[in-house]
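No hydrogens, no waters, no symmetry mates; every other heavy atom, side chains included, goes into these values. Because the structure is predicted, anything quoted here is derived from the model rather than measured. Reminder, nothing fancy here: chain letters follow the sequence lines and each chain counts from 1.
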Amino acid sequence: MPSDTAPSAARKDFIREMVAEDVAANRFGRPVTTRFPPEPNGFPHIGHVKSVCLNFGIAREYGGRCNLRFDDTNPFTEDIKYVEAIKRDVEWLGFTWDSELYASDYFEKLYEIAEDLVKRGKAYVDSQTEEEIRVNRGTVTTPGSPGPYRDRTPDENLDLLRRMKAGEFPDGAHVLRAKIDLAHPNMIMRDPLLLRIRHAAHYRRGTAWCLYPLYDFAHGLSDAIEGITHSLCTLEFKDNRDIYDWLVHEAGFERPPEQTEFARLELDYTVLSKRKLLKLVNERRVSGWDDPRMPTISGMRRRGVTPEGLRNFAEAIGVARKPARTELATFEHYIRDDLNMRVPRVMAVLNPLKVVLTNYPENQVDELDASYYPHDVPLTGSRKVPFSRELWIERDDFMENPPKKFFRLAPGREVRLRYGYFITCTDVIKDASGNVVELRCTYDPATRGGDAHDGRKVQGTIHWVSARHALDAEVRLYDKLFTVPDPDAVDEGQEFTGTLNPDSLVVVPGAKIEPSVAKDPIGTRYQFERTGYFIGDTVDSRPDHLVFNRTVTLRDSWAKVKGGGAGGGQ
RNA sequence: UGCCCCUUCGUCUAAAGGUAAGACAACGGCCUUUGGAGCCGUGAAUCGUGGUUCGAUUCCACGAGGGGCAACCA
């Protein structure tokens, strides 16, 4: 194992502390074994990243194993396409599972355990309606009461159970319940349901099997069957731990897994419930599960986020028992931090303003050297960028009446064109309604490459592209999907979709980009100098119609100086 | 209203009875052919009240606040 994956002595989270102690004591008598247990009913998202990094990370750090197990116990909601998405995304994140397993493969084993429970009087077949079961469970403040079927004999229960399995009864006619205590202070323990009848097509089991285990019955026992040592799950399963322990004990497992709960990820301006994400997809609020605005792994991948950036983020936020909400700035920081060190810089003008260099020869073209990386990124490489008499610059980089701290182009002012020449604005051309439509500038031939050999200073450096050589591009500027930090916290009767951000996607159809990108494969990541990080869209970009997605903006300290809104963009 | 869990800078996470630390964010400066990056610096927290102790963020009690649980979902 490489030393850099070894658990560091300091700053271990409470789960790693526990695992380290268990390893030292050889508590389980087997290697550390964890699992990532998604239900295949949706695409995995940034919240799953936290869990994946935790489970696979711990297995790697302690020389153990981590399984990928699909908790596929509900035929109504699950689909093979989600299995495929989950596998692809976990691999893309950089993890390899030791075994690929399915709870649906344990249905027979689970059934055997169910028969055993019945024979020992620990479980019974209940034939109340769903409504009756709910009513007789009581409430948080009042105890439940036993239903009329609770005292059926083991023989009677066994007969019924076998006939349930044989498919003799319709959905909902009977359920198998653990016989524990209808007045238990923990609601979960009030005779929890174990098996229910579902005459439905399961994506793996087809229609041959009709007895589906519920989460509580399937999860802990699946863990135990697989020899899991540390079963890590989110806080809302804390109360379920009682039934987890009860079942693995009743099933007779030696040194069963131990469940430990941690706080799930909550991210500002983001929704992470699969139900809500599905709704966004179904109602076409987004283009699909992989819409770059989605917090799904596939959406973030299409947006240009890297696996390393995601992993660094997951490590940075840590793991604890306190429910916690992370600021978007934290996420963006780790994404930028990773991109900064790896992607080439190119020049693209999103909102073009024409510049004519009046002292530059009409048909001359200069090929300028431009490094792909700034001085402080330890990567090398460069390309040639064509320079000519007519250029595009960013409209925001010119102001006719600039305020005090504006360092860019203005009438009479000199700026540096990145990797090009110093230019000075001599004339401002306007249309009939007074809009600036073109600038006339002069360039200084002695400043080729951007160096003033006489020691002259300019305050600003701006990006540009040669008008004649520029490629047209569509640029998609993505911003946060919601306008409020906690879109889940809507008033009673309100839909969370009411806080969707109408400007979460701004399409810029007429961007101009330097020609060097034509040779790069679709899906190449760049920094557009002074603008942000972008990626060629893997779905819609074509050589004759380039499309770039903004991954994240650069930090924009000018936006703060200027006042006004900060540079947007998750 | 019953049971359970949680509470440390604005945010996230450390400190296992002994100087409250780091990251993100903020602010100031330096540097800069990206108003990027980097570097340096500043401000910023133990929910409250008691108790145990030489000493409490840590242990205990009570209170307050937040969260979870009453699906044939997971």
Side-chain angles (χ1 to χ4, degrees), chain A residues 10-14 17 37-39 41 71-74 76-77 126 129-130 133-135 137-144 171-172 174-177 184-190 193-198 212 214-216 218-219 233-242 261 263 268 274-275 313 316-334 336-337 340-341 345 347 370-371 374-377 405-408 416-420 422 447 449-452 458-463 527-533 553-562:
Chain A
R11 292 192 54 86
K12 253 187 293 186
D13 56 72
F14 78 100
E17 296 273 5
E39 185 191 14
N41 65 348
D71 250 349
D72 52 353
T73 57
N74 186 349
F76 292 164
T77 57
D126 196 347
T129 64
E130 200 170 333
I133 288 175
R134 187 162 51 75
V135 169
R137 186 157 32 219
T139 71
V140 291
T141 50
T142 57
D171 290 9
H174 311 282
V175 291
L176 185 74
R177 301 180 72 175
H184 201 286
N186 179 356
M187 294 291 298
I188 298 284
M189 293 296 272
R190 320 249 261 225
L193 274 64
L194 268 21
L195 291 169
R196 82 280 219 184
I197 299 168
R198 284 267 190 275
Y212 287 88
L214 279 102
Y215 168 84
D216 284 319
H219 195 87
C233 65
T234 44
L235 252 26
E236 69 271 25
F237 292 101
K238 170 65 179 71
D239 290 344
N240 301 64
R241 193 158 93 202
D242 284 349
E261 309 84 17
D268 276 356
K274 280 195 278 187
R275 201 202 104 242
F313 169 71
I317 58 173
V319 179
R321 273 201 163 102
K322 177 179 63 164
R325 174 165 286 274
T326 298
E327 292 179 338
L328 208 48
T330 306
F331 176 75
E332 292 187 345
H333 168 80
Y334 288 96
R336 284 192 195 103
D337 189 52
N340 176 46
M341 296 306 285
R345 273 64 170 172
M347 292 193 285
S371 172
H375 60 93
D376 51 359
V377 171
K405 293 202 170 162
F406 187 80
F407 297 154
R408 290 116 91 149
R416 175 190 293 111
L417 295 179
R418 179 87 158 144
Y419 299 121
F422 286 11
T447 56
D451 285 311
V458 287
Q459 284 213 94
T461 299
I462 65 174
H463 60 278
Q527 183 194 109
F528 290 176
E529 294 233 12
R530 305 207 304 130
T531 302
Y533 293 97
T553 60
L554 254 28
R555 291 187 68 209
D556 186 357
S557 48
W558 166 240
K560 287 175 192 165
V561 174
K562 191 171 57 173

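When rounded to the nearest whole Å, the span between CZ of A:Phe14 and C1' of B:rA16 equals 15 Å. Taking atom NE2 of residue A:His184 and atom P of nucleotide B:rC4, one finds them 11 Å apart after rounding to whole Å. Distance, A:Asp216 CG to B:rC72 P: 11 Å, rounded to whole Å. Counting to the nearest Å, the C1' atom of B:rA70 and the CG atom of A:Leu214 are 16 Å from each other.
At B:rA71, none of the side-chain N or O atoms of A:Arg190 fall inside 4.0 Å of OP1 or OP2 (strictly under the cut-off). Note on A:Lys322: a side-chain N or O is less than 4.0 Å away from OP1 or OP2 of B:rU8. Here A:Thr73 reaches the OP1 or OP2 of B:rA74: one of its side-chain N or O atoms lies under 4.0 Å away. OP1 or OP2 of B:rC27 has at least one side-chain nitrogen or oxygen of A:Lys560 nearer than 4.0 Å.
Of the two residues near RNA chain B, A:Thr139 and A:Phe237, the one whose nearest nucleotide lies more 5' is A:Thr139. Sequence order on RNA chain B of the closest nucleotides to A:Thr447 and A:Pro185 puts A:Pro185 first from the 5' end.
With sequence neighbours left out, A:Arg530 forms a salt bridge (charged side-chain N to carboxylate O under 4.0 Å, His left out) with A:Asp397. A:Thr447 is linked by a side-chain hydrogen bond (donor to acceptor under 3.5 Å, both in side chains) to nothing, counting only residues two or more places apart in sequence or in another chain. Legend: residues meeting side chain to side chain contact (heavy atoms under 4.5 Å, CB included) with A:Arg418, ordered by chain and number and at least two apart, are A:Met347, A:Thr461, A:Trp464, A:Glu529. Partners of A:Lys274 by side-chain hydrogen bond (donor to acceptor under 3.5 Å, both in side chains), not counting sequence neighbours, listed by chain and number: A:Asn41.
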Encode nucleotides 34-39 of chain B as B, S and - characters from 5' to 3', where the letter depends on protein heavy atoms closer than 4.0 Å: B to the base, S only to sugar-phosphate, - to neither.
BBBB--

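A donor-acceptor contact under 3.5 Å is formed by the side chain of A:Glu17 with the base of B:rA16. Contact annotation: side chain of A:Glu327 to base of B:rG10, donor-acceptor pair present below 3.5 Å.
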Under a cut-off of 3.5 Å for both distances of each Watson-Crick or G-U pair, what dot-bracket string does RNA chain B give, using [ ] for crossing pairs and | for inter-strand pairs?
.((((((..((((....[..)))).(((((.......)))))....(((((..]....))))))))))).....

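Distances from the side chain of A:Thr330 to the nucleotides B:rC12, B:rC4, B:rC24 place B:rC24 closest. Here the side chain of A:Ala329 is nearest to one of B:rC12, B:rA25, B:rC4, namely B:rA25.
A:Asp242 comes within 4.0 angstrom of no nucleic acid atom, judged by non-hydrogen atoms across all strands.
B:rC12 and B:rA25 are spaced 15 Å apart, taking the P atom of each and rounding to whole Å. Look at the P atom in both B:rA14 and B:rU7: the space between them is 10 Å, to the nearest Å.
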